[in-house]
Amino acid sequence: MKFIIKIFLMGILSYLLPLYFSWWSVALGAGLISLLIRGSNFNSFNGGVIAGGLVWFYLSFTIDNATNSLLSEKIALLVNLKDSIWLIYASTLIGALVTGFGSLTGSLLRSILSPKKTSRNDYVS
Amino acid sequence: MNLDNNFVKFISFFLSFLVTTSFIALLNRPFDNIPPIGKLLSPHQGFWKNSEKEAISLDQSIKLIELKEAVTVQFDELLIPHINAKNIEDLYMTQGYVTAYHRLWQMDFYARVVMGRLSEVVGIKALGYDRLQRRLGLKDMTLKLHDGLMKDAYYASIISAYTNGVNAYIASLSRGDYPIEFKLLNYEPEKWTSVKTCMAYALLASTLSRSEADIEHTNFRKMFGEDLFNVLFPEPDGTSAPVIPRDTHFDFEPMSQPQKPEKFEAQYIVNESISKQNPLNGSNNFAIDSTKSKSGHAILANEPDLELTAPSIWYASHLTSPDINVMGVTVPGTPVILIGFNDSISWGVTNSPRDQVDWFSVTFKDASRKEYLYNNQWFKTEQILEEIVIKNAENFIDTIIRVHHGPIVYDRDYLSNHEKVNLAMRWIAHDESTTFKALFHFNKANNYFEFVEGLRFFSGPPQNIIYSDTKGNIALNLPGKFPIKFSGQGKFILDGSDPDSEWKKYIPFDHRLERYNHPQGFLSSANQFPVDRTTYPYYVYSHQFENYRNRRVNDRLITMQNIEPEDLMSLQNDNFNYTASEILPYLLSQLDTLSLNKDQNKFFDELQNWDYFNQPNLKAPTNFELWSDILWDQLWDEFDTMSFAVNKPDIYTTSQLIISDSLVGFSDRLSTPEKETTSDLINYAFNTAVDSLNAWSSINGKNHSWNEFKGTEVNHLISHFTSFHSKNISVGGNHNIVNAASKNHGPSWRMVVEMDPQGINAYGVYPGSQTGNPGNPTYGHMITPWAEGKYYNLKFGQNKLLAGDILYEIQLTP
């Protein structure tokens, strides 16, 4: 459940922060969540990947869908891609990895700052 | 143990932090021409944000604190803004705001073109271009124009208001809102300035009034003598359909002509000359009066031809405030309508080729270049250091020397031919221009008298300005600043040390070329020679003039009666190939038709059965184009062997020489031992044309209809943004044809205006769209209608914008 909440919170921050800050602020948001909410490193990374990936996929996919790929097709041609769908995949991948690494870093920072030993349970929560 | 654990934790964190930040840094940095990938692909800030679902995405209610009162902007279905303001400052502030909304990147780009600052954003490949722009003095021209206008409170308020409007729009943007070109080139819009608001003059002057061939002519004359020069580069006499009808009398006492100094022969040959405007541009305008018009109202038509670009050079708008109601097109970044109409008058322009640039050979005292020779004395030079910022490279500093004639463009640092040549440029456009004021007068003029008051301020670039009004009058004027020249002055490089070679006086405004109404019922212009030489007392010269489109327009207008706006639209789209009609019968008569093979026969038949119209679906225009191009190339192959700057004779002169069989030995092909005659050359070119057509067909795998072969395109200003281009546009015409659509040039705006006093009927179209955003659903939406010769009703006068026609409406409030 905590895992779902973390994904949800990271997703919200990944959606909101770049409206006001740089595009990579998604990493900061995810890192903050993992710093505040306990979880294993593995799950923190995965949570970030899922949250960031979903948000970037959702946004790029809905824009692309609503505009009939009008611009993404032109951008795809500029970078020699056959299909604009690859741009959605690429965006998703970047969103996922940047958020995932941010989250992992936050989680690792938490483990330094928090004296409590990580319990085995955390790996399955 | 505990220590070790902490150490591992710390190392893990550190590594993860490093990976995260490095990954972000990698995605956030550009590589050469590749913009930062992470930023570009971010759905919040990257290219996704430029994908638009709706044609307009502005807020319907906008706060613009510098406004005095509320302003309404209604966009019609073409996305043309109809701005309704309560005072003049609010009007232009809003125009700045909405123009920036549609064309911000293009405005930034043009400002960089004029200021010589393209290298800053596109890198070292633009350095040569930036250096030329700075050597030509476009920046200085703009500053001078700006300072002059800002001294006048009225114009200063307009320019400041427009500038503030652009800046208010820029300030409203977040990173994700920047136009796509900023993102792809990885830079951000900078603050707009009142100087940039004045940039259009230098931009247009450089495109329109800088064409000359002094250096090429000097080279040719030096190598081959004046007699051959006069055969291949004759001066027109203006008897063949000039701009000003031949029966026009100039009853003024002319100013005295300067004495012709002794012939000056430049010492050195120049190997390479600076790039100049494209000679393929072919504009036309014409107006008919009440006698020719079916409705009894004057009708005006204008079609300025330029390089076809995306975003389009033109932006259409309708400006309304208590003392102005004008509609038309302007260059984005400019707070005035350049071509358009109001309730009472309409006007349009075509370029008038007049020699506005002379080159003066300058002698320095020594290598320090601190003094130069003039009138047997040494005078001080001025030295200017121009620093050019280059993306991903060291700054470049160009040293430019100025003498009293103007900047020395050709010198030891630039195209000097082994440091021998120093050429100063005297260009009328370097003088302070007041053309902006002229345009503001046109925008507000109610009648011919007020229009002429505006013409007084028109200082160039020289235009054939056509006029019509709701009282049924028509007029053609060629205002501007023209030096009074001795015959032949400025055809060749002049002696910079000789005061007699310089321009001294200018043709008075009242001695300008003007025609107000005419018994024939129409007036027209198409870049041809302006006047019959025998009727006008001043020397008029340019190295190139149109000789076909002008005659076609006049031939048609003479026969046309009961003209309606649709008839003038047809004339603007006329595809008659006058060149072919004059030369093709002769070329065909010279062919040895008995020895033709199957392919050659087919090629021949297509031409034989042709009516000389360059319709898009016909094959004969392709055959003619190929044959005549090859003939022209082979005929003047002698020029290709010359290592110095030289021009080839133009199409008209070449045609005349071929038909009269007076090619003075040029028909010989250098690559063969035989001495070819003109007829041999025509047959050779024919056979080669058939072969190259076969090669073209097998490579392209399609038939050689004219539209396919010509492949007209509208290309984005950044040439490697290939997917923002529009290719293979199916349109007829060509250079030297009224519908002058060649591969990359053509009618950049077509406008027809019927001057009904009950309310004007105006029509227009341009190959592009109001929006400059390739991610907008309307991007380039007028290109196909333009190619098909269709027009849109411009929402003004009788067709004024009704509630049902409003696509989108915004309110701007203080």
Side-chain angles (χ1 to χ4, degrees), chain A residues 14-28 30-31 41 45 55-79 87-88 90-95 97-98 100-113 117-118, chain B residues 2 5-28 33-54 174-177 180 183-184 716 718 720-725 773-780:
Chain A
S14 296
Y15 181 81
L16 291 179
L17 285 178
L19 295 176
Y20 309 98
F21 306 102
S22 183
W23 66 272
W24 50 265
S25 55
V26 291
L28 290 178
N41 296 331
F45 179 75
V55 167
W56 281 45
F57 173 80
Y58 170 78
L59 289 175
S60 53
F61 177 81
T62 47
I63 290 171
D64 200 49
N65 197 37
T67 59
N68 292 318
S69 311
L70 179 71
L71 185 58
S72 54
E73 275 175 10
K74 290 177 180 152
I75 300 292
L77 282 171
L78 279 187
V79 294
L87 290 171
I88 299 179
S91 286
T92 306
L93 185 69
I94 289 173
L97 290 178
V98 170
F101 278 124
S103 175
L104 175 65
T105 309
S107 176
L108 288 166
L109 182 61
R110 181 184 169 86
S111 66
I112 296 176
L113 299 178
K117 219 181 157 193
T118 313
Chain B
N2 207 3
N5 195 16
N6 276 343
F7 183 69
V8 170
K9 278 182 184 173
F10 188 80
I11 287 292
S12 306
F13 164 73
F14 181 73
L15 282 176
S16 174
F17 181 78
L18 201 68
V19 168
T20 308
T21 47
S22 313
F23 188 56
I24 289 172
L26 190 75
L27 294 172
N28 203 36
N33 285 328
I34 302 164
I37 299 292
K39 207 179 187 180
L40 186 69
L41 287 173
S42 153
H44 288 95
Q45 292 169 16
F47 81 87
W48 297 108
K49 282 285 282 180
N50 301 91
S51 309
E52 291 185 85
K53 191 177 174 204
E54 305 292 338
S174 67
R175 260 178 280 203
D177 301 326
I180 183 72
K183 297 178 185 177
L184 291 170
H716 191 273
I718 298 293
H720 65 266
F721 291 171
T722 48
S723 58
F724 298 168
H725 303 343
N773 178 17
N776 186 287
T778 64
Y779 180 71

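Being a predicted model, the structure only gives us computed values, none of them experimental. In what follows, every chain begins at residue 1, and chains take the letters A, B, ... in the order their sequences are listed.
Contact of B:L18 with chain A is not made at all, since no heavy-atom distance falls under 4.5 Å. Both the backbone and the side chain of B:T722 have a heavy atom closer than 4.5 Å to some heavy atom of chain A. When heavy atoms are compared at a cutoff of 4.5 Å, A:S14 approaches chain B solely by way of its backbone atoms N, CA, C and O. For A:F21, the part sitting under 4.5 Å from any heavy atom of chain B is the backbone (N, CA, C, O) and nothing else. Looking at A:A66, the atoms closer than 4.5 Å to chain B (heavy atoms on both sides) sit in the backbone and in the side chain alike. Of the atoms belonging to B:E52, it is backbone heavy atoms, and not side-chain ones, that fall under 4.5 Å from chain A. Heavy atoms of B:F14 lying under 4.5 Å from chain A are absent altogether. Proximity to chain A (any heavy atom under 4.5 Å) is restricted, for B:I180, to the side chain, taken from C-beta onward. Neither the backbone nor the side chain of A:S69 comes within contact range of chain B; no heavy atoms are under 4.5 Å apart. Residue contact with chain A, scored on non-hydrogen atoms closer than 4.5 Å, involves the backbone and the side chain of B:N28 alike.
Closest approach of B:F47 and A:L87 over heavy atoms only: CZ-CD1, 3.8 Å. Residues B:Q45 and A:W23 approach most closely at OE1-N, 3.2 Å, considering heavy atoms. Between A:L97 and B:F23 the shortest heavy-atom distance is CB-CE2, 3.5 Å. B:P43 and A:S60 make their closest contact through CB-N, 4.0 Å (heavy atoms, listed as atom of the first residue, atom of the second, distance). Listed here is the closest heavy atom pair of A:L19 and B:H44: CD2-CD2, 3.7 Å. Across A:L108 and B:S12, no two heavy atoms sit closer than the pair CD1-O, 3.3 Å.
In this structure, CG in B:L27 is found 5.0 Å from CD1 in A:I94, a value given to the nearest 0.5 Å. Once rounded to the nearest 0.5 Å, the distance linking NZ of A:K74 with NE2 of B:H725 reads 12.0 Å. Here the OG1 atom belonging to A:T105 is positioned 7.5 Å from the CZ atom belonging to B:F17, to the nearest 0.5 angstrom. Atom CD1 of residue A:I63 and atom NZ of residue B:K53 lie 12.0 Å apart, to the nearest 0.5 angstrom. Taking OG from B:S42 and CH2 from A:W24, the interatomic distance works out to 12.5 Å, rounded to the nearest 0.5 Å.
At a threshold of 4.5 Å between non-hydrogen side-chain atoms, the residues A:T67 and B:W48 do not count as touching. Annotation: side chain of B:I24 is not in contact with side chain of A:F101 (no heavy-atom distance under 4.5 Å). The shortest side-chain heavy-atom distance between A:S22 and B:R175 falls under the 4.5 Å cut-off.
When atom types are taken as modelled, the side chain of A:S91 and the backbone of B:L41 share a donor-acceptor pair closer than 3.5 angstrom. Without hydrogens or angle criteria, A:E73 side chain to B:S723 main chain gives no donor-acceptor distance under 3.5 Å.
Between chain B and the options A:L70, A:V79, A:L104, A:L77, the largest number of non-hydrogen pairs under 4.5 Å is found for A:L70. Your options are B:G38, B:P777, B:P36, and the one with the most heavy-atom pairs under 4.5 Å with chain A is B:G38. Contact count against chain B (heavy-atom pairs under 4.5 Å) is highest for A:I75 among A:L59, A:I75, A:V55.
No more than 12 heavy atoms of other residues, nucleotides or ligands lie within 6.0 Å of OH in A:Y15, so this atom counts as exposed by the packing criterion.
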